Amino acid sequence: MLKRITAALLCLTILFSFSGCGKNEPKNANKKFNYYLASEPKTLDPQIASDSAAAVAVEALFEGLVRLGADNRPYPGVAEKWVGSENDTVFTFTLRSSAKWSDKEKTPVTANDFVYAFRRALSPQTGSPTCSRMFCIQNAREVNAGTVPADQLGVTAPDTHTLVVRLNYSYPDFPAITAAPVFMPCNQKFFESTSGRYGLEIKYLIGNGPFEIDGKYGWSHGQYLNLVRSDTYSGKQKPLPSKLKFTVQNEDNAITDPVDALKSGTVDAIAVSGSQAAAAQAQGGTITSFEDTTWGLCFNTQSELMKSKNIRRAFLQAFDRAKVLQHLPKNMSAANDIIPPSTTLLGKPYRSLANGGSYFLKQDKNAAALLAAGLNELSLSELKSVTVICPDDVNVKLMLNEMIASWNVQFHNYFNMEPLPEDQLASRIQSGDYQVALCPVQPASDGPLSVLSLFKSSEKNNPAKWKDPAFDAMLDSVEKNGGADSAAIFANAEKYLNEQGVFYPLYYEKHYYACAKGVTGVVFHPYGAGVDFIRAGKE
């Protein structure tokens, strides 16, 4: 009899215990979220991941020193607190002792995991395409160039849960950039056990983030990546969703109507166009937008004709900018310069520090004389045929018609326009198969350096294929020294880029993201830098 009473009391205790837990959880927790990845992540290795699909997946599977909120400000990640000293040139991060890796042993995440990750990201052998964000760290450029050993990098671990980072210059916002994938930790023992296959398959991956891959069949290449809440994650912000389903978009499952996909539940969040954003909002959804891309006329400086600065400038100064901008594409705003207006530097708006902008070339009635000078430099007797590739957009084509009409009149020649789908346009620009293009410039992160670095000689995705040691030296200087003087250096570099007639800014584009009705807490990062679902809820 006593045993029966004891058992009954135990059952009631368990029942009320579960009931109490349920009351403490938000009603919109424990839901499954559907999100489409534009392509298969090339790798889930944070130190080399650079595509947008990988950025989304890595942010769920890993966690850096900090996370970024909807306001793009840092809050605790693996680091429970941090402090800047010596005029914000030294940052000391205190890691939470409960942080674990998702391996069977639930190995603790330590400060040495960050030291190893930083050194590995900057190693010349790694070839990280995103490690330039680390160049503010003491000796980072030199380690990346192979001129200084990795143990001289300004990152140390005085103890298991303390990480000290020394910078080249004062950088109050340094903690915020450590949310990027390249700064995320790496367990050296596990990494070395993968023999060069880290992040390519489930068995070659362990994370420390709020989610983990759902079993051995959770990743089907080219089809889906299914995640579940990690039972080893111990951050202060517990992940609200129970599951994340990332479907890899392909020809068989392509979404042609994002607004309908939101309404039907096919996706809970998705990128939309400006016109679709209004429709998504009308059906109860929420919209996030970022003006993070500059469209302009770009010249392939490696082509026979456009390697001449005088010829490039002639083309840019032969038309009336006001007439061209009368045909702005819908939902776009006229560009005041190459660097977007929302760009920040040292926690402040870049434009306010750089004293304005508007360095683009102005119309010149002597444009034909510039063209003649350029042709003479190249030992050409006449102007050869020129084709401009561009998006297949009605307004864009009207803009180019205005330019072509001016070129026809002033240069006494005939010019061609070749409208293309966006994927073909991007492919042609990347391969250098063009003379002139109306194309976008979208940095991978905030800051003027991220924009201007796209035109460095060493940049693989340099749209203009431009190589200029003087421009490179300006950016190298600011990467090494930074600080309060950096705004003026960036402004000079931007002005120089304009004067060389490499890229002529025309308009800014906003990128829109929509969440379905009842969905809250999804954080979209600007510059295609990923999506954070840790606080995502659904009614």
Side-chain angles (χ1 to χ4, degrees), residues 43 45-50 64-65 86-93 111-158 163-171 173-175 177-178 180-186 188 191-192 196 198 345-346 443-445 447-462 465-486 489-490 492-493 496-497:
T43 177
D45 175 351
Q47 273 66 61
I48 60 175
S50 60
L65 294 166
E86 298 180 33
N87 192 28
D88 290 323
T89 61
V90 178
F91 282 87
T92 301
F93 296 87
N112 280 319
D113 292 329
F114 285 94
V115 172
Y116 180 70
F118 286 24
R119 290 178 179 177
R120 181 178 159 254
L122 288 161
S123 167
Q125 286 71 40
T126 301
S128 170
T130 59
C131 71
S132 61
R133 299 201 71 185
M134 295 178 151
F135 285 176
C136 56
I137 300 174
Q138 201 173 80
N139 288 330
R141 284 181 60 85
E142 292 78 4
V143 169
N144 188 239
T147 58
V148 167
D151 61 7
Q152 296 300 305
L153 182 67
V155 182
T156 56
L163 183 76
V164 178
V165 183
R166 297 184 178 277
L167 307 179
N168 289 317
Y169 49 83
S170 178
Y171 194 167
D173 273 2
F174 173 74
I177 72 170
T178 67
V182 71
F183 289 91
M184 291 180 179
C186 181
Q188 182 176 1
F191 173 80
E192 292 175 348
Y198 184 62
L345 177 65
L346 301 174
S445 59
L449 180 62
S450 190
V451 182
L452 297 175
S453 290
L454 293 172
F455 294 94
K456 286 190 71 174
S457 301
S458 58
E459 173 56 46
K460 295 178 182 177
N461 295 318
N462 184 330
K465 314 302 176 189
W466 191 43
K467 299 183 185 299
D468 189 300
F471 181 77
D472 295 344
M474 290 184 207
L475 298 191
D476 289 346
S477 170
V478 79
E479 282 180 350
K480 187 172 183 179
N481 302 313
D485 297 332
S486 60
I489 300 173
F490 284 132
N492 286 334
Y496 182 79
L497 182 57

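Side-chain atoms are counted along with the backbone in the values below, which use heavy atoms only and exclude waters and symmetry mates. Fair warning: this is a prediction, and the values are worked out from it, not measured in the lab.
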Side chains of K456 and D476 in contact at under 4.5 Å (non-hydrogen atoms): yes

State, with a plain yes or no, whether a side-chain heavy atom of P129 is found less than 4.5 Å away from one of I48. yes

Going by heavy atoms in the side chains, are F490 and L452 under 4.5 Å from each other? yes

Could you walk me through whether D472 and S458 pass the side chain to side chain contact (heavy atoms under 4.5 Å, CB included) check? CA-CA 9 Å; D472 295 344; S458 58; over 6 Å; no

Where is the tightest heavy-atom contact between T130 and S50, given as atom of each residue plus distance? CG2-CB, 3.9 Å

Measure across L454 and E459 and return the closest heavy-atom pair with its distance rounded to 0.1 Å. O-CG, 3.4 Å

Using 30° and 60° as the class boundaries, would you call the ring planes of Y169 and Y171 parallel, tilted or perpendicular? parallel

Residues S450, S445; criterion side-chain hydrogen bond (donor to acceptor under 3.5 Å, both in side chains); working and verdict: CA-CA 6 Å; S450 190; S445 59; 3.2 Å; yes

Between T156 (side chain only) and P158 (backbone N and O only), is there a donor and an acceptor less than 3.5 Å apart? no

Flag side-chain contact, heavy atom, 4.5 Å: Q47 against F191: no

A side-chain contact here means heavy atoms from C-beta on lying under 4.5 Å apart; do R119 and D151 qualify? yes

With rounding to the nearest 0.5 angstrom, report the CG to CE distance, L153 to M134. 8.0 Å

Got a second to check how far R133's CZ is from F174's CZ, nearest 0.5 Å? 10.0 Å

Can you give me the closest heavy-atom contact between D468 and S457, atom names plus distance? N-OG, 3.2 Å

Hey, what's the ring geometry for F471 with W466, parallel, tilted or perpendicular (30° and 60° as the breaks)? tilted

Do you know which of L65, V164, L167, L163 makes side chain to side chain contact (heavy atoms under 4.5 Å, CB included) with F91? L167

Non-hydrogen atoms of P46 and Y198 that approach each other most closely: CD-CE2, 4.3 Å

M474 and A493 have their tightest heavy-atom pair at SD-CA, 3.5 Å

Ignoring hydrogens and angles, tell me if any N or O in the side chain of S486 forms a donor-acceptor pair with the backbone of V478 under 3.5 Å. no

Closest non-hydrogen contact found for P149 with V143 is O-CG2, 3.7 Å

Do the side chains of T178 and F114 get nearer than 4.5 Å, heavy atoms only? no

Would you compute the distance between atom OG of S132 and atom CG of L449 and round it to the nearest 0.5 angstrom? 6.5 Å

Enter the distance from D88:CG to S170:OG here, rounded to the nearest 0.5 Å. 5.0 Å

Any donor-acceptor pair under 3.5 Å from T126 side chain to R120 backbone: yes

So CG of N462 and NZ of K467: to nearest 0.5 Å the spacing works out to 7.0 Å

Calculate, to the nearest 0.5 Å, the distance between atoms CD1 and CZ belonging to I137 and R166 respectively. 12.5 Å

Check whether any side-chain heavy atom of F135 lies under 4.5 Å from a side-chain heavy atom of N168, and answer yes or no. no

Would a 4.5 Å heavy-atom cut-off, applied to side chains only, mark C136 and I177 as touching? yes

